[in-house]
Structure formats: structure tokens, C-alpha cells
Amino acid sequence: MKGHHITSRTTLLKVFVALVALTALTALTAQIDIGVFNIPLALAIAGSKALLVVLFFMALKYDKPVNALFFALGVLFVVVFLTFTLFDTAFRGDLGNVGKETIHSTEEGAEE
Amino acid sequence: MTGSFWLPDGASTLSPDIDSLFYFVTWASIILFAGVAAAIVYLAYRYRRRPGAVPARVKPSKIVEISWVVLPTILVLVVFNWGFRLFIEQSVAPPNAYEIYARGAMWKWDFEYPTGTVSTNELHVPVDRPVRLVMSSEDVLHSFFVPAFRVKQDVLPDRYSSVWFEATRVDTFQVFCTEYCGAGHSIMLASVITHSQGDFEAWLASAGVDEDTPLPELGAQLYQQQACFACHSLDGTAVIGPSFAGLYGKTETLDDGSTALVDDDYLRESIVDPGAKIVEGYQNVMQPYAGLSDRELSALIAFIREQE
Amino acid sequence: MTEDKDRNETPQGQAAEERGDYVTHAKSIGSWLFSLDHKRIGMLYAVTVAIAFLLGGVFALLVRAELLSPGEDFLSAQSYNQMFSLHGIVMVFGFIIPAIPGFLGNFLLPLHLGAKDVAFPRLNLASYYLYLLGVALILVAMVAGSVDTGWTFYTPYSARTGPSVLFLTMAVFIAGFASIFTGINFIVTVHKMRAPGMTWNRLPLFVWSIYSTSIVQVLATPVLGITVLLLFLERLLHIGIFDPALGGDPILFQHFFWFYSHPAVYIMILPGFGIVSELIATFSRQRIYGYMAIALSSVAIALLGFLVWGHHMFVAGQSVVSSVIFSLITYLIGIPSGIKVFNWIATMYKGSISFKTPMLYALSFLVLFTIGGVTGIMVGVLAVDVHLHDTYYVVGHFHYVMVGGTTIALLGGLHYWWPKITGRLYSEAAGRLAALLVFVGLNLTFFTQLVMGSRGMPRRYNDYLPEFTFLHQLSTVGSWIMGAGLFLVAIYLLVSLFRGKKAGANPWGGATLEWTHTGPRPDPHNFHRTPFVTRGPYEFDRIPELVAAHRDEPPPDAQPDVHLNQDRT
Amino acid sequence: MANTSAAEQAAKERALAHLKHYFVSSDQQFDAAKMGMWLFLVTEVLLFSGMFVAYAVYRVWYPEVFAVASTELNPWLGGLNTVVLLGSSLTVALAIHAAQTDKRRALVVNLFVTVLLAAAFMVVKYFEYTHKFHLGIFPGEYFAYEEMGQRIVPIFFSIYYVMTGIHGVHVLVGMGVLTWLALRAMRGHFHSGYYTPVELAGLYWHLVDIIWIFLFPLLYLI
């Protein structure tokens with residue numbers, strides 16, 4: 001059929017090997033504790049794996065750009081949902097009109 | 001309720017600023033609305049369909065389009081900035097504020113003073129002095145709202161939320177619960193009573209204990225103060241709890257089928273630990289009133305005994 | 001008023017008469033209930049949405065009647081709470097979200113695009129039956145010891161009240177899928193099914209608004225799905241994510257709920273904008289002023305609508321930082337709505353305005369939506385919202401926007417497309433009287449609520465302090481007048497079904513394809529020849545000679561399979 | 001050259017058999033179906049986003065409790081499951097490749113291998129769940145596992161169960177769809193002219209894999 005891109009099998013195999021390698025990488029880097037960079041690194045590796053799957057396995061790279069736009073919009077709104085909710089929970093009790101800690105944890109803290 | 005057409009009389013230090021912002025936005029809205037309405041009426045009349053009249057082509061001009069994007073943006077950002085500065089003042093209590101703990105429960109408010117005395121549904125505060133309420137809820141979400149002070153803050157279970165105000169005159173102000181909390185949401189009312197500094201101290205000292213009032217009379221006060229009326233009527237109609245009329249001496253059938261004679265011990269237990277015995281047909285929603293002193297308990301029982 | 005008779009004979013071949021139009025070509029019940037024709041599915045939606053509106057309206061009248069006097073008139077506190085909850089749930093999930101996209105969107109989108117049908121007709125029918133199942137489950141929740149949590153079902157109260165919240169969550173979950181599938185269907189239809197020549201800047205503004213609504217439906221409704229699922233699990237397995245007793249946070253539920261529910265209010269109003277654009281243009285017989293401004297402001301509202309949900313929670317206990325951010329962005333979203341109102345008014349300039357019933361509804365939309373908009377700006381101010389939150393001021397605000405905005409626009413659209421849907425004309429006098437009644441009743445009901453609210457009357461109260469009695473009585477009388485107006489609308493529309501005059505193909509002189517290219521009622525596959533579009537949607541001055549000279553046929557040199565929408569994504 | 005154009009012609013006729021009357025060309029129909037699928041995948045992403053937000057919120061509040069609680073999960077089983085799902089993603093991509101190049105046998109085999117790998121994934125999940133139930137780790141209120149304290153740990157496991165549970169449901173649905181497609185493929189329904197259902201099922205399956213790619217590190221590793 002004209003216009004349908006067929007990804008060659010070798011590219012598919014190469015992408016698969018890359019994905020397994022990245023999985024091994026993320027498993028290893030999780031053992032060594034690098035403090036605050038743990039989560040961003042894990043997310044970066046997972047993000048790159050996801051990108052590989054989206055671009056090659058799902059052939060978004062060769063597909064119509066509007067599908068890529070929709071998928072990007074979806075991911076953008078997940079990020080918006082995450083950051084705006086964290087604006088609240090991470091800064092809760094910033095000006096003292098709401099308690100920073102829950103009552104239970106303050107009582108627990110007081111007991112120890 | 002005196003006050004202007006839109007707002008009740010303000011009685012806190014911040015209410016004049018909030019009112020002026022409210023009126024600014026109201027007047028800006030009225031002017032905008034009048035402009036829109038006038039334009040519609042004029043255009044509708046001027047260009048009404050007349051036989052043979054062919055509408056002329058109008059070339060949309062960029063300047064007009066830009067102007068009614070930029071002008072509202074400026075107006076709106078001015079209002080935002082004004083509101084933002086006031087909101088910061090509302091959120092941060094002055095350091096020397098007098099702290100009172102407030103507890104919202106299903107359909108009543110308890111206010112606990114630093115001296116330990118607990119007053120229900122009546123918040124006594126000194127005038128011309130900042131007061132900070134540190135609030136928490138014992139069950140679901142509630143919200144502490146005093147229209148006269150223009151303050152409101154949701155009361156959360158398991159997390160302290162606070163609200164502050166400084167009353168500017170001696171009076172009694174209405175308190176509402178404004179976060180839906182079930183059947184008694186609309187009767188979960190309280191009142192803020194402001195006193196001069198001297199009267200406040202006098203009230204605080206006496207509020208703890210009063211030996212002289214006879215038991216049934218004290219019981220009647222408690223019936224109001226503790227908001228028993230919210231669930232127990234005196235005229236026999238069942239509200240949320242059984243009615244007190246003719247309750248004393250009756251044998252009640254409980255929800256597990258057994259029966260119990262309503263005597264002093266039954267009443268005392270039902271007040272301190274309501275969940276123990278539930279009368280058939282009623283739900284187990286009553287809050288335990290563990291904070292009452294023995295004298296207050298016997299006063300309540302004396303009051304109930306008198307109800308035929 | 002001169003009827004526009006001269007130009008409504010469109011180039012219809014003889015074939016249409018024998019086969020009959022989309023209504024007459026098949027009569028059996030099955031041909032209606034299982035039809036894949038987008039117009040018939042639109043009719044199924046219309047009937048169910050009307051029933052939901054009637055039900056929601058009855059609940060509203062009961063709520064207002066109970067509030068006629070302080071104290072308990074005929075509803076106990078418990079049943080009053082159930083009544084206002086059901087009013088909210090049935091109106092939001094049963095009427096206002098599915099109404100315009102399901103009824104007018106389904107009927108008109110393919111016609112406006114020049115397409116034969118929507119992209120996925122079977123998915124379209126499945127969406128209708130999912131919506132029907134959702135409404136049925138809401139009724140089951142009503143009968144099975146109904147819900148008293150309000151349509152917002154905040155935890156921890158919704159996690160501990162009666163068991164019928166489970167039915168409610170299932171109903172909303174299922175009705176949510178109907179909304180998602182309709183959104184997907186419409187987006188693909190607009191992208192893929194446009195007639196040749198129908199470029200993006202020749203789309204009618206109704207299509208732009210339905211397209212923006214579909215974006216919001218697709219991006220927001222899944223989060224309602226997960227919210228309702230988590231509430232369902234909260235009640236069944238006590239998973240504790242929203243339950244403070246187990247360390248959960250009830251405000252997190254409010255974030256989840258409002259992440260869907262604020263975009264949902266744009267799902268409600270955007271289609272209303274689309275209808276008003278069509279009405280103002282056609283009845284002023286003038287090209288829309290700032291076409292691209294209105295079209296892009298719809299998309300801007302759809303996307304910005306996801307960044308503002310926190311303005312429902314200024315006093316709910318969220319951090320001051322997030323309140324400030326949400327309030328700032330809330331203002332930016334007020335601007336596109338303002339642009340639209342100004343552009344509509346500018347469209348009337350130098351036009352030739354006729355005051356048929358649809359135009360009366362469009363003009364009252366402009367007035368009422370402006371009040372709704374400015375009161376929205378008021379509750380968006382941080383400091384003032386502290387006083388106004390959860391009072392009747394907010395109730396007045398959102399009813400001005402939802403009833404004064406969407407419902408009035410829907411009524412305008414209903415009257416405008418009534419001849420195209422039923423082939424009949426309704427009685428113009430009754431239409432104008434009903435429009436007046438609705439306008440007066442609406443203002444009486446909700447303006448008094450604005451005043452009550454700023455004076456400190458909290459919402460969701462079945463009993464109130466004596467000083468609010470007069471305003472409550474005014475509001476209740478207003479609700480009767482509005483109810484009477486809406487009832488009158490139902491009567492004369494039903495009467496016109498049987499005794500209304502036969503309508504021509506283009507009684508209002510509209511310029512969009514459903515007026516210029518189909519008969520009094522469109523036939524099953526909409527168009528005999530896929531129209532070749534050479535002009536914008538509101539070029540009234542170019543209609544007469546174009547239709548007369550058949551220049552709407554594809555030019556001889558155009559290759560047979562020239563499909564302009566092929567190369568454009 | 002002649003035979004390729006003949007094959008091209010044959011594929012065109014077979015494709016036209018599936019063309020709906022309201023579409024203009026089968027390419028338009030295929031693109032419409034794919035766009036619809038991508039939009040559906042966006043709704044799936046947003047469905048799971050709710051749970052990732054809940055995870056992030058509680059992780060920000062109680063980082064150390066989450067770190068301790070995640071040590072209870074066995075990273076080896078998680079890693080194995082990740083590789084299994086990546087493998088199934090590969091085989092479903094190969095299946096699409098086979099459909100596009102008219103290799104019916106390879107299409108059927110790849111689809112069945114994908115279903116088998118998915119089944120393996122669910123079996124590993126089954127062992128993980130029973131191991132936890134055995135220890136008394138139940139969601140929310142029924143949490144009865146002393147070592148790690150009672151307060152926030154149940155919330156971690158509630159989020160774990162909700163995330164992996166909903167993901168598991170999506171895997172089961174995927175298995176059902178892929179099995180149905182494999183049976184149709186055996187009857188020769190799919191060929192280079194018409195393989196849309198295989199393409200759409202493949203897209204759906206890749207997304208289920210992507211969700212697990214994010215679940216694995218967040219729950220098991222950090």
C-alpha cells in the first residue's frame with residue numbers, strides 16, 4: 001500500500017536490544033545511592049525507553065505529525081496535572097494558614 | 001442585618017479593604033455590563049432589518065482587536081495584584097494574636113481557650129486585639145465562616161488550619177459552616193461574641209465553673225449550648241435522635257432487639273458513650289460528649305427528667 | 001418581517017423525493033434505536049437529554065419550593081440534601097455535558113463539514129448507549145436510598161455516607177466514556193472528513209467550538225474516570241488515599257475532582273459559544289467580526305482551562321503559592337471569553353438584524369453571559385473569594401454561566417435548527433413570549449442569589465436565618481417564571497411537530513452547508529454530491545448568485561479524486 | 001516490475017473490500033483509525049496519570065517511608081517482568097511487520113508469542129501478589145504487616161495495588177484482543193491491503209508496555 005511505512009526488522013531488533021540494555025542500566029544505577037539524583041535519573045532512563053518505544057515500535061517517527069502532536073499534548077497535560085498539584089502539596093503550610101504536618105505526625109513526633 | 005445592598009456590616013480590621021476591592025470590581029462590572037448592553041441595544045435598533053437594506057462589508061481592524069485584548073488584561077491584572085496583596089495579609093496572622101483552638105464536629109463547634117475552658121457554639125473574643133483560631137475537624141470537612149469579619153477557612157480532619165481576625169466593635173456575629181457536612185450542615189451555627197478586654201477576662205474566669213444555678217436550669221442552658229436541640233426535640237418529633245419528651249422512665253427497644261429502661265445511668269452512658277446503646281430506627285452518628293463535667297452531666301439529666 | 005423566500009430552493013434532484021429524507025426513509029423502531037446515521041443518533045440524544053433536563057428541572061423546583069420559607073416545609077434535611085445533590089448530578093452529567101455535543105454536535109458536524117457521516121458511526125452509537133446506561137444508573141442511585149453528597153462528592157463525607165454513592169460513581173464512570181468516545185469521534189471527523197475546499201479557515205465557528213470541546217473531553221474525562229475509580233475503591237477496600245484516618249489527604253481528592261470539573265465547565269460553555277456565533281452571524285446577515293480571533297479563543301480556552309482548577313480551592317486549605325498561581329492564570333482565561341463577546345457585538349455593526357426567536361436567545365446570551373463572566377472575575381479575586389466562596393454568590397455565578405449561557409444558547413440553537421431537523425416552523429409569537437419569560441425568570445432567580453451570597457448566605461442550606469427570607473422567596477418566584485417559560489417552549493415545539501407550517505430548505509437565509517446544500521430535511525447521506533467549498537461560512541453576500549449559477553459544483557478541471565483534506569493532516 | 005504492480009493492484013482491490021461508504025479512500029480510513037487510536041492512547045495516559053500524581057504527592061510528603069516500603073518489592077521479579085513485556089512489544093511489532101508484508105504464518109506466530117509473554121507477565125504478577133497476601137500486606141485498612149509501622153505504609157501498598165491492578169486489567173484486555181486477532185489472522189483476514197486492527201492492537205499493547213516501563217523503576221527500584 002502506498003504511504004504506509006514498514007519498519008525493517010533489523011531496526012526493531014536493534015531497538016529491543018537497546019531497551020533491554022536500558023532496563024539493566026536502570027536496575028544497576030538504582031543500587032548505588034546517589035542521593036537526590038536517584039529519581040530524576042530513573043525517570044530519565046524510563047523516559048528514554050518510552051521514547052524509543054513510541055518512535056520506533058509505534059512508528060510515530062514515520063507517522064503523520066498530528067498524531068505526534070496529540071500524544072505530546074497528552075504528556076504535557078500529565079506534567080501540568082503533576083506540577084500544579086505539587087505546587088499545593090509540596091508547599092502546603094507555607095504561610096502558616098494551614099498546618100505543614102498532619103496532626104497525627106506532629107503527635108507522633110512529640111511522643112518519640 | 002444592616003449594611004449596604006451587597007455586603008453585611010464589616011467588623012474586622014481587614015473588612016474595609018476587602019469591601020473596597022469588592023466594590024471596585026462590582027462597579028467595574030456594572031460599567032462594563034452597561035457598555036455591553038448599550039452597544040447591543042443601539043446596534044440592534046440602528047441596524048434592524050429593513051427591506052432592501054444590504055449589510056455593508058466591515059473590515060475587522062487589528063487595532064480594535066488588540067485593544068480589547070490588552071485593556072481587559074491590564075484591568076484584570078490590577079485587580080489580581082490588589083487581591084493578591086490582601087490575601088497575603090489575610091493568610092498571615094500577626095505574631096501577638098490570641099490563640100484559641102477550635103474543633104468542628106458533625107454539627108457543632110467547640111472552642112477551647114488557653115485556660116482549658118471549652119465553650120460550645122459560642123466564641124468569646126476580646127475586641128481590638130488579633131485573635132487566631134487554630135482549627136481541626138473530628139470527622140468530615142467543615143468550614144468556619146464569619147460574614148461580618150469576611151473570613152472563611154475550611155476545617156480539615158487531621159490537619160490544623162488557622163484563620164485570624166481582629167474585631168473592631170463589641171457585638172454578636174453569626175458563624176456559619178460553609179463546607180457541606182451532612183444533615184445538620186445548615187444548623188451547625190455558632191456566634192462570635194466580642195467583649196472589651198475587661199469583660200473578656202471576667203467571662204473567661206467565670207465561664208469555667210458556676211455552682212449556684214439549679215441543675216434543671218443549667219441543664220436547659222447546656223441543652224442550647226451543646227446543641228442538643230440539633231438532634232433531640234422537646235415536642236416528641238424524632239429529628240436525628242430520639243425526642244426528650246416523656247423519655248425518662250420509658251423502656252426503649254434497641255436496634256439489636258433488646259430493651260433498656262431509660263434511667264440516670266442509661267442517660268449518662270448515652271451522653272458520654274452514645275454508641276453503646278442505639279435505639280431502633282436511629283443511626284449511630286452522635287458525638288461522644290466526654291468533655292462535660294459531672295455537674296453538667298447531672299444538670300442535663302435533671303433537665304431531661306423534667307420533659308413530659 | 002420579509003420571509004427570505006427567493007433563494008431557498010437548493011439544487012435537489014428528483015431522487016430525494018422517492019427515497020425520503022433521514023426521517024422518512026425508514027420507519028421501524030429498530031431503524032431508529034440501532035441507526036448508524038449521525039442525524040438519528042442526534043435525535044436519540046435529544047430525547048434522552050430532554051428527559052434528563054426535565055428531571056433536573058423538577059429537582060430544582062423542589063429545592064426552591066422548600067426554601068420558600070425558613071424551617072422545614074415538606075423536605076427533611078436528609079431529603080433536601082438528596083434533592084440538591086440529584087439536581088446537580090442529573091443536570092451536570094445527564095444534561096449539560098452531553099446536550100449540545102450529543103444532540104446538535106452529532107446532527108450538524110458532518111453537515112457543516114460536507115461529510116456523509118462521522119468518522120466512526122458504530123462508536124457514535126456505542127457512545128449514546130453508554131450515556132443512556134450512565135443516566136439509568138443515576139436513576140438507580142436515586143431509588144436505592146439516594147445520594148446526599150452534592151455533585152462534587154468530596155471525601156471524607158462521600159466515603160462514609162450511604163451506599164448509593166457506589167451507584168453514582170459507576171454511573172459517572174460509564175457516562176464519562178460516552179463523553180470520551182464522542183470527543184475522539186469528533187476530532188477525527190474534523191481532521192479527516194472535511195469536504196474538498198473546506199480549509200480550516202472556512203469551517204463554521206460551531207465546528208471550531210465543538211472541536212475545542214472535544215479536545216477538553218478527551219484530555220479531562222479520563223481523570224474523572226480515575227477519580228471516581230479511586231473513590232469506588234476507597235469505599236470498598238478503604239485504600240486510604242483520601243481518608244485522613246489512614247494518613248490520606250482529602251484535599252488531594254479535590255485536586256483530582258477539579259482537574260476534570262473545571263475543564264468540564266468549558267465542555268459546557270464552548271458549544272454554547274459555537275451556537276451563538278452561528279446565530280449572531282446569520283441574524284445580522286453579516287460576516288463574523290474577527291473570525292480567526294473567535295476560533296482561536298475557543299482553542300485557547302480549551303487548553304488554558306486545564307491550568308486554573310485551583311480557584312475552586314482558595315479556602316480549602318491548599319498552599320498560598322498554588323492559590324496565587326491559580327488566581328493569576330484564572331484571569332488570563334477570562335480574556336478569550338471577553339474577546340468573544342466583543343467580537344459578537346462588533347459583528348452586529350452595519351448588519352441587517354432580524355429579531356426572530358433564535359436571535360432573541362443569542363442577545364440574551366450576550367447579556368447573561370456578561371453577568372456570569374464578570375461575577376466569575378469577582379470570585380477569581382483571592383481576597384474577595386475568601387468571603388464569597390461556598391455562598392449563594394457562587395451559585396448565582398455558575399447558574400448565570402450555565403443556565404444563562406449554555407442553556408439559553410441551546411434553546412437558541414434548538415429554535416434555529418428546528419426547521420432543518422423537523423422540516424416544520426414553530427410559532428414565532430409563542431417563541432418570543434417564552435424567551436421573555438425565561439429571561440425575566442432567570443434574572444429574578446439568580447440575581448437575588450448573587451445578592452444573598454455576598455450578604456453571607458451559605459450554599460446547600462435547607463434552613464436559613466430569617467433575614468434571608470424575602471430574597472429566597474423572590475428567587476423561588478423567579479424559578480417558577482423560568483419554569484413556566486421552559487414549559488411553554490416544550491409545548492409549542494411539540495405542537496409545531498404536527499401542526500407547524502412546512503419549512504423551506506433555508507428559512508433563515510443561513511450560509512453554512514446544511515442550509516445551502518440540503519433539502520428541508522437532509523436525506524440519509526446528507527449530500528447528493530460532496531459539496532466543493534469555495535467560500536467562507538458567513539459570506540451571505542455571495543450566496544444568491546452562487547446557488548443560482550450552480551457555481552458550487554466542482555469546477556470541470558478539478559481531478560475526480562482531488563481530496564484537499566488528504567494531504568493536509 | 002510487472003508482478004509488483006500486480007501485487008499492488010491485488011492489495012488495492014482487497015483493501016477496497018473494507019472501505020466504508022463515508023470514507024473517500026482506504027488510506028483516509030486507515031489514517032482516521034490510527035488518529036482515533038492515538039487519541040484513545042492519550043486518554044489511557046491520562047487515566048494512569050492520576051495514579052502517578054497520587055504516587056508523587058505521597059512520595060514528596062513521606063520519602064523515607066516510600067523508600068523503605070519499596071524494599072519489600074522484589075526488584076528481580078520486576079526486572080524480569082519488564083523484559084517480558086519489552087519482548088512482547090517486539091513480537092507485536094514483528095507481527096505488524098509480517099502483516100504488512102503478507103507473511104501470514106509469521107503474523108499468527110508472533111501474535112501467539114505476544115499473548116504467551118503477556119500470560120507469563122501475569123503469572124509473575126500472581127506470584128508477587130500471593131507472596132504479599134501471605135505476608136498480610138493488603139490494601140488500605142486491611143493492612144496487617146508489622147515490620148514497617150502502620151501509618152503511611154498502607155498508602156504505599158494501596159497505590160501499588162491500584163497501579164499494578166489497573167495495569168494488569170489492561171494486560172488481560174490486551175491478551176483477549178490479541179488472541180481474537182490471532183484467530184482472525186489464521187483465517188486470512190489480514191494482509192498488506194488491510195491490517196488496521198493489528199496495527200491498532202499493536203499501538204495499544206505498546207502503550208501498556210510504556211506504562212510498565214514507568215511503573216517498574218518508580219515502585220520497585222527507588
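Below, chains carry the letters A, B, ... as their sequence lines are ordered, and counting in each starts from 1.
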Flag the one option from [options] with the top tally of heavy-atom pairs under 4.5 Å to chain C.
options	answer
B/Gln174, B/Gln90, B/Lys62	B/Gln90
B/Thr178, B/Asp158, B/Leu189, B/Leu86	B/Thr178
B/Ala39, B/Pro157, B/Gly184	B/Pro157
B/Ala28, B/Ser61, B/Ala148, B/Ser15	B/Ser61

So which part of C/Phe84 gets closer than 4.5 Å to some heavy atom of chain B, the side chain, the backbone, both or neither?
-> side chain

Could you check whether any side-chain heavy atom of [X] comes within less than 4.5 Å of a side-chain heavy atom of [Y], counting everything from C-beta outward?
X	Y	answer
C/Val324	B/Phe80	yes
C/Tyr157	B/Glu179	no
B/Phe22	C/Val381	no
C/Leu328	B/Leu77	yes
B/Thr26	C/Met378	yes
C/Val374	B/Phe33	no
B/Val69	C/Ile339	yes
B/Tyr180	C/Asp148	yes

Sequence neighbours excluded, every pair satisfying ring pair (Phe, Tyr, Trp, His ring centres under 6.0 Å) that has a member inside residues 318-354 of chain C = A/Phe84-C/Phe326, B/Tyr47-C/Tyr349, B/Trp68-C/Phe342, C/Phe273-C/Trp344, C/Trp309-C/Phe326, C/Trp344-C/Phe365

Under 4.5 Å from a heavy atom of chain C, the part of [X] involved:
X	value
B/Ile40	both
B/Ser143	neither
B/Leu32	side chain
B/Val151	backbone
B/Ser161	neither
B/Ala37	neither

Chain C contact residues among residues 130-141 of chain B, heavy-atom distance under 4.5 Å = B/Asp139, B/Val140, B/Leu141

Sorted by chain and number, sequence neighbours left out, ring pair (Phe, Tyr, Trp, His ring centres under 6.0 Å) with B/Tyr282 holds for none

Mind checking what makes ring pair (Phe, Tyr, Trp, His ring centres under 6.0 Å) contact with B/Phe144, not counting sequence neighbours?
-> B/Trp109

For C/His389 and B/Phe145, run ring-ring contact (aromatic ring centres under 6.0 Å, His included): C-alpha distance rounded to whole Å, both residues' side-chain angles, the deciding distance at 0.1 Å, then the answer.
-> CA-CA 10 Å; C/His389 180 67; B/Phe145 173 40; 9.8 Å; no

Given B/Val36 and C/Val367, is the side chain to side chain contact (heavy atoms under 4.5 Å, CB included) satisfied, shown in steps?
-> CA-CA 7 Å; B/Val36 162; C/Val367 169; 5.6 Å; no

Within 45° cone of B/Phe5 ring axis and under 6.0 Å: C/Arg455 NZ or CZ = yes

Which value, rounded to the nearest 0.5 Å, describes the distance between [X] atom [atom1] and [Y] atom [atom2]?
X	Y	atom1	atom2	answer
C/Ile353	B/Arg46	CD1	CZ	10.0 Å
B/Arg57	C/Arg287	CZ	CZ	3.5 Å
C/Arg285	B/Arg49	CZ	CZ	4.5 Å
C/Met313	B/Asp154	CE	CG	9.5 Å

C/Thr391/B/Lys152 under side chain to side chain contact (heavy atoms under 4.5 Å, CB included): CA gap, chis, key distance, verdict | CA-CA 11 Å; C/Thr391 65; B/Lys152 181 186 287 119; 4.1 Å; yes

Mark yes or no for whether B/Glu65, through its side chain, and C/Asn343, through its backbone, hold a donor-acceptor pair below 3.5 Å.
-> no

Can you label the angle between the C/Phe468 ring and the B/Phe176 ring as parallel, tilted or perpendicular, going by 30° and 60°?
-> tilted

